[in-house]
Q: 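Quick one: structure below, then a few questions.
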Amino acid sequence: MAKTYFHLLFIILTLSSILNLAFTTKLNFTTDQSSLLAIKDHITFDPDHILAKNCGVIPSWIGNFSKLEQLRLAFNSFTNLPKEIGSCRKLKVLWVGDNQLSGDIPSTVFNLSSLEYLELGYNHFSGSLPNDMCKNISNIQFLHLTSNKLQGRLPSSTGKCTNLQEISFGENKFVGGIPTSFGRLTKLKKFYAYNNTLTGLISLIFNISSLELISIEGNNFSGDLPIDICDKLRMLRHLYINKNDFTGSIPRDIWNCSFVGLDLSFNYLTGRVPREIDNLNDMMYLNMGSNSLYGEIPHAIFNSTKLQLLYMHDNKFSGSLPSYFDFWLPNLQEMLLWGNKLSGGFPSFISNSSDLIALSLAHNIFSGFIPSILGNLRHLMFLDLSNNKFTTQSGSTDQWGFLTSLANCKRLNLLYISSNPLNGILHAAAFGNLSTSLERLDFSDCQLRGKIPIEIGNFTNMTIFGLSGNELIGSLPITIERLQRLQLLHLFNNELHGSIPHALCNLQKLFELAMSENDLSGSIPSCITNLTSLRRLYLDSNKFSTLSSSLWGLNDILEVNLSSNAFRGSLPVTIQNLRSLIYLDLSSNKFSGDIPTTLGDLQTLQYLFLNNNKLQGVIPESLGSLVSLLSLDLSNNSLSGVIPQSLVKLIYLTNFNVSFNKLKGRIPIEGPFRNFSAQSFMGNNGLCGSSRLQVPPCKNSSLHEHKSKTIVVLEFVLPTIVNGELFHTMNCSMQRMGLGMTLTDFGISKLLRESDYVTQTITLATIGYMAPEITLKSWVCMSLHKDVSEVADIKLFVPNDEQFISAKKDGILSILKLALNCCEEHAEQRPNIGDVVNSLKIIKTKYLRSIEATRPSRITPRRS
């Protein structure tokens, strides 16, 4: 270890000497760098490869270099910045960006009074900046803290760094507003604070007249933009305030600045774009997308000769674009105008932009023919004209001229023409001549007729292919198997027929297959299990009749829709293999048999539709394990039995339908069932429950039975007290029941009613015996929580007997407590029969005394 540090010390001392020499001779940074690299190349004794690694820790004794003026260790993998760096009192440049430095920034860094350039960006520093950061570094000119994990507020002392020309707080976690002291930074030229969580107004920034660049995108700044931005900031060339919460209109003097880059996108700006355009000579980048701007886009914008990137998408712009060739954007590379209300014909001036790479006019109201001049855009890679009203020249020999011309665009990899009324027969030759570099192609909803060209096999780089919503006929060409990179295939809502070709099973990267709403028939090929990347399968609304068991081997599939076909047979128990399934729709088929209980294993399932089949049996209790379920439809089957109580645990269930089955019993009222309406249960004559659900009320048979049994228990447990009304009532009840028993038999099964009678039995005394099925103790425990008068035989409390009720209650409760003691689980805890008899005698005596005490006194009349 000592040897290693000796080598490192030798290297650093050597480099330090050259650094001092560089400053002595006032060499510039480039010369210094060249010198350092030269000496590094001549170091041959480096056995530990320290210079090659450029990683590890910066040693603490770096602080010994008191004359060190520049330390440049950027683009390495150092993990620490020692606090001893603060001892390098003459340090002017500290450049340690692009390393793996972490923890707090050493406070000693901010004591380097000679420091002019501090680059700590692109590390992992955390914590907050000291509020007095600029107290001792007033000479700082460049402060870069970009892309760390710093947090807290921006230091209020920043205004004391009056020599700052460039400051960057970007890509951290700073909060709060911009301190007012920033207004004193009169030399500041570039201010970066992008991608934080800063808030409030920024008007004071727009008072710093020296600013050339403001980059505060990706925060939560709000308020209106100052109306005089460009009057105060004459030097401003770059303004990036996108992805904030600014409101109001665009300042009228916005074009008085000689902007190179202007980004106002992703705010809440409204109104029209000012037409007073005086100076766009230097404009290279203009972005006003994703606001609520309206009116026409000023035509002068389309005559900015240096403009490379133009984004005006996702607004409410209307009107037409210049359609003549006098407008010129010779350097234009990208133009995105999608998501507006622009109309008129295709902007012909686009053909002058020979460097154009990306063009999107999607989701507007453009109409007319798509011109063949698109073929002039040889560098075009992205073309999106979808969702407009473009047509083709029906019947013309040049009907598909634009498609033919696009063969010249050899770099084209995305072509979206969907949702336009092209209205024609798909031209196989023009289609087949498109660039083989195409990765995404969508001609959905274009009123296309004919067959899918076999030339589809030419697009070996294709990842997304869409021809849905047309009138295509025939079958899927087997040349589809050449598209080995295909991930998404959309052919739904056509008139395709035949079966799914086995060639489709060779598309190993296929993620989504959608062939719904066609006339496909036969079986789903068993080779579908080869599609291990398949996550979404939509084959609904066809005429398939046979379902291969291999489908249930797609363990990672997320969504399956096979509804509205002619599938028969039972649902397999192997459906449990689809452990990642979120959506399953097997409705409107002819499935029969029971619902497999293994469905309950699909813990991620959110949507389950089995309605309109011929399913029988009960609803499995296991469906209560589908804890993620949002929607469950089992309607229009022949299901019987009750609605499982386990379903009340499905707390996320919002849609539930079991209508038109043969269900019976009580509709649950707990959990999600509180929110379901009568439509969920109609057509099941055996269901009962709340009147809100338009079903008859349930007979509370279980409650009635429980109370009847409790009364019987209370009647027959009463001891043979031979005096008073209590004995009379009990005795009459026993005689009426015809029941003989001994005191110590507490086997409750001998007493309870099976229906409306008690089976007469004579049971021998079994001291301490308790019937194993149901004990007297359990019944008495359930009775004691209420007033005893509510569970005892009403005959014990006759209406004209109010003065004796308290005494009777005490007597009954005493007997019940004695009964509980006789029901203890262990024999040693139960009283013997002698103790029981003595206790009963005491209860009897107490009861009789209470009765006598409550009787009115009798006065014997004197005899005359």
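Counting from 1, the numbers follow the sequence of the chain as shown. For the numbers below, each heavy atom of this structure counts, side chains included, while hydrogens, waters and symmetry mates do not.
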Q: Rounded to the nearest 0.5 Å, what's the gap from CG on D245 to CZ on F221? Could you check?
A: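 The distance works out to 10.5 Å.
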Q: Could you check whether N555 and R579, counting side-chain N and O atoms only, form a donor-acceptor pair closer than 3.5 Å?
A: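 No, N555 and R579 have no side-chain donor paired with an acceptor closer than 3.5 Å.
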Q: Give a yes-or-no answer on whether the side chains of S444 and S468 include a donor-acceptor pair shorter than 3.5 Å.
A: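 Result is yes, a qualifying pair exists.
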Q: Filter on ring-ring contact (aromatic ring centres under 6.0 Å, His included), then keep only pairs touching residues 439-481, sequence neighbours left out; what's left?
A: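 Passing the test, one end in residues 439-481: F431-F459.
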Q: Please walk me through it: do L491 and I452 pass side chain to side chain contact (heavy atoms under 4.5 Å, CB included)?
A: CA-CA 10 Å; L491 299 173; I452 299 176; 4.0 Å; yes
Q: Can you tell if the side chain of L406 reaches within under 4.5 Å of the side chain of L415, non-hydrogen atoms only?
A: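 With C-beta onward as the side chain, the pair touches.
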Q: What residues, two or more places apart in sequence or in another chain, satisfy disulfide (SG to SG under 2.5 Å) together with C505?
A: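 So C505 forms a disulfide (SG to SG under 2.5 Å) with C527.
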Q: Hey, are the side chains of I500 and I528 touching, using non-hydrogen atoms and a 4.5 Å cut-off?
A: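 No, side chains not in contact.
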Q: For R449 and N423, test the side chains for any donor-to-acceptor distance below 3.5 angstrom and give the result as yes or no.
A: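 Present: a donor and an acceptor within the cut-off.
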Q: Would you please say whether a donor-acceptor pair under 3.5 Å links the side chains of H502 and E481?
A: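 No - no donor-acceptor pair under 3.5 Å links their side chains.
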Q: So which of N542, N561, D540 actually passes side chain to side chain donor-acceptor pair (under 3.5 Å) with S516?
A: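 Of the listed residues N542, N561, D540, the side chain to side chain donor-acceptor pair (under 3.5 Å) partner of S516 is D540.
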Q: Please say whether more than 12 non-hydrogen atoms of neighbouring residues, nucleotides or ligands are located less than 6.0 Å from CD1 in I365.
A: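 Yes, CD1 of I365 has more than 12 neighbouring heavy atoms, counting only those of other groups under 6.0 Å.
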Q: Once side chain to side chain donor-acceptor pair (under 3.5 Å) is applied, do any residues pair with E559, and if so which ones, sequence neighbours excluded?
A: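 Partners of E559 under the side chain to side chain donor-acceptor pair (under 3.5 Å) test: Y538.
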Q: Please report the C-alpha distance between N291 and T270 in whole Å, then the side-chain angles of each, then the deciding distance to 0.1 Å, and finally whether the side chain to side chain contact (heavy atoms under 4.5 Å, CB included) criterion is met.
A: CA-CA 7 Å; N291 282 286; T270 60; over 6 Å; no
Q: Are any side-chain N or O atoms of N461 and backbone N or O atoms of T436, one a donor and one an acceptor, separated by less than 3.5 Å?
A: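 Here the side-chain-to-backbone pair exists.
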Q: Is there a side chain to side chain contact (heavy atoms under 4.5 Å, CB included) between L629 and Y652? Walk through the geometry before answering.
A: CA-CA 6 Å; L629 205 60; Y652 301 111; over 6 Å; no
Q: Counting distance only, does the side-chain N/O of T479 pair as donor-acceptor with the main-chain N or O of I454 below 3.5 Å?
A: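 Side chain of T479 to backbone of I454, a donor-acceptor pair under 3.5 Å: yes, one is there.
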Q: So which atom in C409 and which in G375 form the shortest heavy-atom distance, rounded to 0.1 Å?
A: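 Answer, listing the atom of C409 first, then G375: SG-CA, 4.4 Å.
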Q: What are the two closest non-hydrogen atoms of T197 and N219, and how far apart are they?
A: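 Smallest heavy-atom distance, with atoms named: N-OD1, 3.3 Å.
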Q: Could you check whether any side-chain heavy atom of L489 comes within less than 4.5 Å of a side-chain heavy atom of L483, counting everything from C-beta outward?
A: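 No - every pair of side-chain heavy atoms lies 4.5 Å or more apart.
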Q: Answer yes or no: is there a side-chain heavy-atom contact under 4.5 Å between T392 and L403?
A: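 Answer no - side chains too far apart.
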Q: Would you please indicate yes or no on a ring centroid separation below 6.0 angstrom for H363 and W338?
A: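 Centroid separation for W338 and H363: 6.0 Å or greater.
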Q: Write down the atom of H490, the atom of A514, and the distance for their closest heavy-atom approach.
A: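 So the two residues come closest at CD2-CB, 3.5 Å.
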Q: Counting N and O atoms only, with roles assigned by atom type, does the side chain of N420 sit under 3.5 Å from a partner on the main chain of F390, one being a donor and the other an acceptor?
A: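 Pair found, side chain donor or acceptor close to backbone of F390.
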Q: Can you tell me how far CG of L359 sits from CE of M381, rounded to the nearest 0.5 angstrom?
A: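 CG of L359 is found 14.0 Å from CE of M381.
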Q: Look only at the side chain of N565 and the backbone of F544, and say whether a donor-acceptor pair between them is shorter than 3.5 Å.
A: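 Checked: pair present.
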Q: Provide the closest heavy-atom pair for P322 versus F302 in the form atom of the first, atom of the second, distance.
A: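 In this case the closest contact between P322 and F302 is CD-CD1, 3.8 Å.
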Q: Using the six-membered ring wherever Trp is involved, compare the ring planes of Y240 and Y285 and label them parallel, tilted or perpendicular (cut-offs 30° and 60°).
A: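 Tilted.
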Q: Spell out, as yes or no, whether a donor-acceptor pair under 3.5 Å connects the side chain of N613 to the backbone of N589.
A: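 It does hold such a pair.
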Q: So how far is it from T404 OG1 to L374 CG, rounded to the nearest 0.5 Å?
A: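 Those atoms lie 12.0 Å apart.
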Q: Under the disulfide bond (SG atoms under 2.5 Å apart) definition, can you give me all pairs with a residue in residues 415-461, not counting sequence neighbours?
A: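 Applying disulfide bond (SG atoms under 2.5 Å apart) to every pair that reaches into residues 415-461, excluding sequence neighbours, yields nothing.
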Q: Does N352 reach the main-chain N or O of W328 with its side chain, forming a donor-acceptor pair under 3.5 Å?
A: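 Answer holds: no.
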Q: For residues 553-585, which residue pairs pass the ring-ring contact (aromatic ring centres under 6.0 Å, His included) check, not counting sequence neighbours?
A: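 Listed by first then second residue: Y583-Y607, Y583-F609.
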Q: Looking at F511 and L534, what are the two nearest heavy atoms and their distance?
A: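 Answer, listing the atom of F511 first, then L534: O-CD1, 3.6 Å.
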Q: For a 4.5 angstrom cut-off between non-hydrogen side-chain atoms, does H124 reach Q100?
A: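 The answer is yes, as the side chains (C-beta and beyond) meet within the 4.5 Å cut-off.
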Q: Just verifying a value: how many Å separate T463 OG1 and R440 CZ, rounded to the nearest 0.5 Å?
A: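 Nearest 0.5 Å value for the OG1-CZ distance: 5.5 Å.
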Q: Would you check if I464 and E439 make a side-chain contact, meaning some heavy-atom pair closer than 4.5 Å?
A: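 No. Closest side-chain heavy atoms not under 4.5 Å.
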Q: Treating N506 as the side-chain partner and L504 as the backbone partner, does any N or O pair qualify as donor plus acceptor under 3.5 Å?
A: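 No, the answer is negative, given that no donor and acceptor are paired below the 3.5 Å cut-off.
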Q: So do the side chains of V273 and L293 get within less than 4.5 Å of each other, counting heavy atoms only?
A: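 A side-chain contact exists here, since the closest heavy-atom pair is under 4.5 Å.
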Q: When rounded to the nearest 0.5 angstrom, what distance separates CG in N494 from CG in L448?
A: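 CG of L448 is found 9.0 Å from CG of N494.
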Q: Per the salt bridge (Lys or Arg N to Asp or Glu O under 4.0 Å) rule, what does the pair list look like for residues 303-318, sequence neighbours excluded?
A: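 Output for this query lists D282-K306.
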Q: Quickly, which of I575, N577, L537 forms a side-chain contact (heavy atoms from CB on, under 4.5 Å) with L551? Name it, please.
A: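 Single side-chain contact (heavy atoms from CB on, under 4.5 Å) partner of L551 among I575, N577, L537: L537.
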Q: Please check this pair: side chain of D355 against backbone of L332, looking for a donor-acceptor N/O pair closer than 3.5 Å.
A: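 Between the backbone of L332 and the side chain of D355 there is no qualifying donor-acceptor contact (under 3.5 Å).
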Q: As a quick check of understanding, evaluate side chain to side chain contact (heavy atoms under 4.5 Å, CB included) for L280 and I301, giving each step before the final call.
A: CA-CA 8 Å; L280 292 180; I301 290 177; 4.3 Å; yes
Q: Sort out for me which residue in T598, T604, L605 forms a side-chain contact (heavy atoms from CB on, under 4.5 Å) with L602.
A: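 The single option meeting the side-chain contact (heavy atoms from CB on, under 4.5 Å) with L602 is L605.
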Q: Can you name the closest pair of heavy atoms from A358 and L356 and give their distance?
A: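 Smallest interatomic distance, heavy atoms only, reads O-CD1, 3.7 Å.
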Q: With a 3.5 Å distance limit and no angle check, can you tell me whether N611 reaches the backbone of S587 through a side-chain donor-acceptor pair?
A: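 Here the side-chain-to-backbone pair does not exist.
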Q: Taking C-beta and beyond as the side chain, do S628 and Q603 meet within less than 4.5 Å on heavy atoms?
A: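 S628 vs Q603: side chains apart.
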Q: Tell me if a side-chain donor or acceptor on W400 pairs with a main-chain N or O of A428 at a distance below 3.5 Å.
A: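 Checking the backbone N and O of A428 against the side chain of W400, no donor-acceptor pair under 3.5 Å is found.
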Q: So how far is it from L599 CG to L610 CG, rounded to the nearest 0.5 Å?
A: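 Going from CG on L599 over to CG on L610, the span is 6.5 Å.
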